[in-house]
Asks: 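Before we start, here is the structure in question, set down as structure tokens.
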Amino acid sequence: MKPIGVAIVGCGGITLQNHLPGLALCPETHVVALCDNDAATLERARQQTGLKVTSTRYEEIVTREDVHAVIIATPNVTHGPVALAAIAAGKHVMCEKPLAMSRAEAQSMAEAAERAGVRHMTAFTYRFVPAMRYLDHLVKRGDLGQPYHYRSCRLQDWGSRSLGWRQVKKMAGSGELGDMLSHRIDFAHLLLGPMRKLVAQTRQFIEDRQGNRSDLEDWVAILAEFESGATGVLESSKLASGRNESWRSLDYVEINGSERSFVFTTGEWNKLQTGPAGGPGMETITIPQEFWRWPGSPRDPQQGDPLVTFRYDQAWEFIDAIRNQRECRPSFHDGARAQAVMESAHRSAELQAWVKL
Ligand SMILES: NC(=O)c1ccc[n+]([C@@H]2O[C@H](COP(=O)([O-])OP(=O)(O)OC[C@H]3O[C@@H](n4cnc5c(N)ncnc54)[C@H](O)[C@@H]3O)[C@@H](O)[C@H]2O)c1
């Protein structure tokens with residue numbers, strides 16, 4: 001097996017939580033270079049990993065010969081420029097969500113990656129929850145019947161604390177919409193296919209976060225119609241007081257079809273609720289063990305906190321797609337499709353009107 005050299009651009013929270021431990025599980029895969037434009041963060045990551053090759057300039061890192069693949073984990077505004085530089089140097093790229101700042105930028109990233117013949121992946125991490133993978137399998141098998149409704153609800157309590165670059169439009173592009181709802185837009189696409197039209201509303205309640213101005217929404221809701229005719233209702237908030245945060249807070253998806261309904265929550269990684277049409281109500285089913293990790297992943301699902309470790313399969317998917325020269329799931333095309341919905345949601349909220357996709 002030929003070794004794969006990976007460079008990581010952006011050494012903040014998600015790199016330490018997901019990317020480094022995920023890559024460490026992939027055989028013959030070596031992080032060979034790190035980049036962060038903040039010297040102190042870069043030094044912390046250098047000490048933690050023991051890596052010698054570091055730079056504050058991504059241009060120096062993505063062009064190196066020993067780098068075959070690049071992971072981009074920087075604020076959203078830099079995703080496009082870093083990805084295009086890495087693709088131009090012939091590197092495979094996994095980029096954090098939301099993929100870009102606009103639909104046009106996301107599409108140009110997907111087109112550039114296709115033209116260059118490199119693997120491209122969007123880090124929609126929650127697709128890797130075993131229960132979501134099993135739900136996708138059941139829906140594709142036809143268990144839902146005709147799809148009627150998609151419903152998702154992401155409720156967190158972030159209060160008025162500082163969100164750093166996430167609260168600044170020119171760095172993040174959008175607030176709750178790109179930060180949290182983008183994952184649930186991707187779930188909707190995965191389970192029910194493309195949307196046809198939508199109407200959306202956004203709302204900013206907190207304008208000052210610990211002394212710094214925020215110019216982005218804290219809440220978003222979308223009412224959608226899918227090309228299949230199914231309906232969608234999606235809501236996401238940072239201000240659901242008392243709901244806690246991350247995987248200790250509500251991340252709910254329900255789909256209803258002519259045959260039955262399913263309920264997924266991230267917190268219940270190995271369970272789904274389901275009930276047949278006309279039946280007595282919902283029952284809980286356990287996810288079969290073969291779905292507890294991504295196909296081929298070397299991760300032992302019995303090791304560690306399962307609400308954390310499913311995320312490591314994302315790195316496996318990227319590396320396995322590179323080795324087998326196949327499309328990554330989810331790809332830049334999935335990232336661009338979610339970006340189109342996000343852009344339409346912002347336009348709808350501005351126009352106060354339905355928008356076609
Ligand atoms: N997939 C997920 O579940 C998930 C979870 C959290 C964050 N994210 C995404 O990951 C990305 C990073 O988020 P985070 O929480 O790690 O943020 P963070 O602020 O903790 O880390 C970002 C890092 O990028 C560095 N940086 C900024 N500009 C740079 C540049 N031009 N070149 C090199 N480094 C640069 C910063 O110094 C910082 O260390 C965002 O796009 C975010 O939406 C995804």
Side-chain angles (χ1 to χ4, degrees), residues 3-38 41-56 58 61-62 64 66-76 78-79 82-83 85-87 91-99 109 113 118-129 164-166 179 182-183 186 246-247 293-294 296-299 303-323 328-332 334-335:
I4 294 179
V6 182
I8 301 185
V9 182
C11 300
I14 203 63
T15 286
L16 303 184
Q17 269 168 42
N18 287 9
H19 299 308
L20 283 172
L23 290 167
L25 292 177
C26 298
E28 288 300 317
T29 303
H30 309 288
V31 180
V32 292
L34 294 175
C35 169
D36 199 291
N37 74 346
D38 179 67
T41 304
L42 186 62
E43 177 55 18
R44 255 200 314 278
R46 192 191 66 75
Q47 284 182 12
Q48 196 169 323
T49 57
L51 276 169
K52 293 196 179 61
V53 181
T54 60
S55 175
T56 53
Y58 68 82
I61 291 290
V62 303
R64 288 178 61 89
D66 57 352
V67 170
H68 307 110
V70 175
I71 294 182
I72 302 168
T74 51
N76 310 341
T78 54
H79 291 178
V82 181
I87 292 165
K91 315 300 183 189
H92 308 291
V93 181
M94 169 154 62
C95 183
E96 271 300 347
K97 49 51 62 178
L99 187 56
M109 291 160 73
V118 298
R119 303 298 116 210
H120 48 88
M121 179 162 171
T122 306
F124 282 130
T125 312
Y126 295 92
R127 272 206 195 189
F128 294 84
V129 179
W165 60 266
R166 278 182 171 77
D179 199 16
S182 58
H183 289 288
D186 179 62
S246 62
W247 58 91
R293 61 181 164 185
W294 206 248
S297 163
R299 183 174 64 85
Q303 292 287 314
D305 179 347
L307 286 176
V308 175
T309 53
F310 73 80
R311 295 154 212 265
Y312 304 163
D313 287 352
Q314 182 176 263
W316 163 259
E317 165 61 17
F318 182 46
I319 297 297
D320 189 60
I322 293 170
R323 285 207 191 284
C328 299
R329 293 168 301 160
S331 70
F332 275 10
D334 296 293

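For the single chain, residues carry numbers from 1 onward in sequence order.
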Asks: With distance as the sole test, does D36 use its side chain to make a donor-acceptor pair with the main-chain N or O of C11 at under 3.5 Å?
Replies: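 Flag set: sc D36 to bb C11 pair under 3.5 Å.
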Asks: Between the main-chain N or O of E317 and the side-chain N or O of D320, is there a donor-acceptor pair closer than 3.5 Å?
Replies: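 Side chain of D320 to backbone of E317: no pair is present.
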Asks: Nearest 0.5 Å, what's the NE2-OG1 distance between H19 and T125?
Replies: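 Answer for the NE2-OG1 pair, H19 versus T125, is 7.0 Å.
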Asks: Set out, in order, the CA-CA distance, both residues' side-chain angles and the distance that settles side chain to side chain contact (heavy atoms under 4.5 Å, CB included) for I322 and I4, then state yes or no.
Replies: CA-CA 9 Å; I322 293 170; I4 294 179; 3.9 Å; yes
Asks: Side chains of Q314 and R127: closer than 4.5 Å at any heavy-atom pair?
Replies: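 No; the side chains remain at least 4.5 Å from each other.
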Asks: Within the side chain of H79, is there an N or O that forms a donor-acceptor pair under 3.5 Å with the backbone of P98?
Replies: yes
Asks: Just by modelled atom types, is the F332 backbone N or O under 3.5 Å from a matching donor or acceptor in the H120 side chain?
Replies: yes
Asks: What heavy-atom pair brings I14 and A73 nearest, and what distance separates the two atoms?
Replies: CG2-CB, 3.7 Å
Asks: State, with a plain yes or no, whether a side-chain heavy atom of D334 is found less than 4.5 Å away from one of L99.
Replies: no
Asks: Could you check whether any side-chain heavy atom of C95 comes within less than 4.5 Å of a side-chain heavy atom of M121, counting everything from C-beta outward?
Replies: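 Side-chain contact under 4.5 Å: no.
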Asks: I'd like to know if the side chain of H183 and the backbone of F124 have a donor-acceptor N/O pair within less than 3.5 Å.
Replies: no
Asks: Using only atom types and a distance under 3.5 Å, with no angle test, would you say the side chain of R311 pairs donor to acceptor with the backbone of L307?
Replies: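 Checked: pair present.
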Asks: Could you pull out the closest heavy-atom pair between A86 and V70, with the gap in Å?
Replies: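 Heavy atoms of A86 and V70 come nearest at CB-CG2, 3.9 Å.
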Asks: Determine whether I71 and L23 make a side-chain contact, defined as any pair of heavy atoms from C-beta on separated by less than 4.5 Å.
Replies: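 I71 vs L23: side chains touch.
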Asks: Quick check: does any side chain N or O of K91 sit under 3.5 Å from a backbone N or O of R64, one acting as donor and the other as acceptor?
Replies: yes
Asks: Going through the checks in order, is the side chain to side chain contact (heavy atoms under 4.5 Å, CB included) test met by V93 and V62?
Replies: CA-CA 10 Å; V93 181; V62 303; over 6 Å; no
Asks: Can you check whether R329's main-chain N or O pairs, donor with acceptor, with S331's side chain at less than 3.5 Å?
Replies: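 Checking the backbone N and O of R329 against the side chain of S331, no donor-acceptor pair under 3.5 Å is found.
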Asks: Please name the pair of heavy atoms, one in S297 and one in D313, separated by the smallest distance, quoted to 0.1 Å.
Replies: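 Of all heavy-atom pairs spanning S297 and D313, the closest is OG-OD1, 2.8 Å.
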Asks: Measure the CG-CD1 distance between L25 and I319 for me, rounded to the nearest 0.5 Å.
Replies: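 CD1 of I319 is found 11.5 Å from CG of L25.
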Asks: As an exercise, state the distance from CD1 of I8 to CG of L20, rounded to the nearest 0.5 Å.
Replies: 4.0 Å
Asks: Compare every heavy atom of T15 with every heavy atom of P21, then report the nearest pair and how far apart it is.
Replies: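 Minimum heavy-atom separation between P21 and T15: CD-O, 4.0 Å.
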Asks: Using modelled atom types only, decide if a donor and an acceptor are shared between the side chain of T54 and the backbone of L34 within a distance under 3.5 Å.
Replies: no
Asks: A side-chain contact here means heavy atoms from C-beta on lying under 4.5 Å apart; do F310 and W294 qualify?
Replies: no
Asks: Looking only at non-hydrogen atoms, find the nearest pair between N18 and Y312 and report the distance.
Replies: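 Minimum heavy-atom separation between N18 and Y312: O-CD2, 4.0 Å.
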Asks: Going by heavy atoms in the side chains, are V32 and V67 under 4.5 Å from each other?
Replies: yes
Asks: Apply side chain to side chain contact (heavy atoms under 4.5 Å, CB included) to the pair N76 and K97, showing each step before the final yes or no.
Replies: CA-CA 8 Å; N76 310 341; K97 49 51 62 178; over 6 Å; no
Asks: Taking all heavy atoms of P27 and all of R323, pick out the closest pair and write down the distance.
Replies: O-NH2, 3.2 Å
Asks: Do Y58 and T74 touch side chain to side chain, with heavy atoms closer than 4.5 Å?
Replies: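 A side-chain contact is absent here, since even the closest heavy-atom pair is not under 4.5 Å.
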Asks: I want to check something: taking the side chain as every heavy atom from C-beta on, are M94 and T122 in contact at a cut-off of under 4.5 Å?
Replies: no
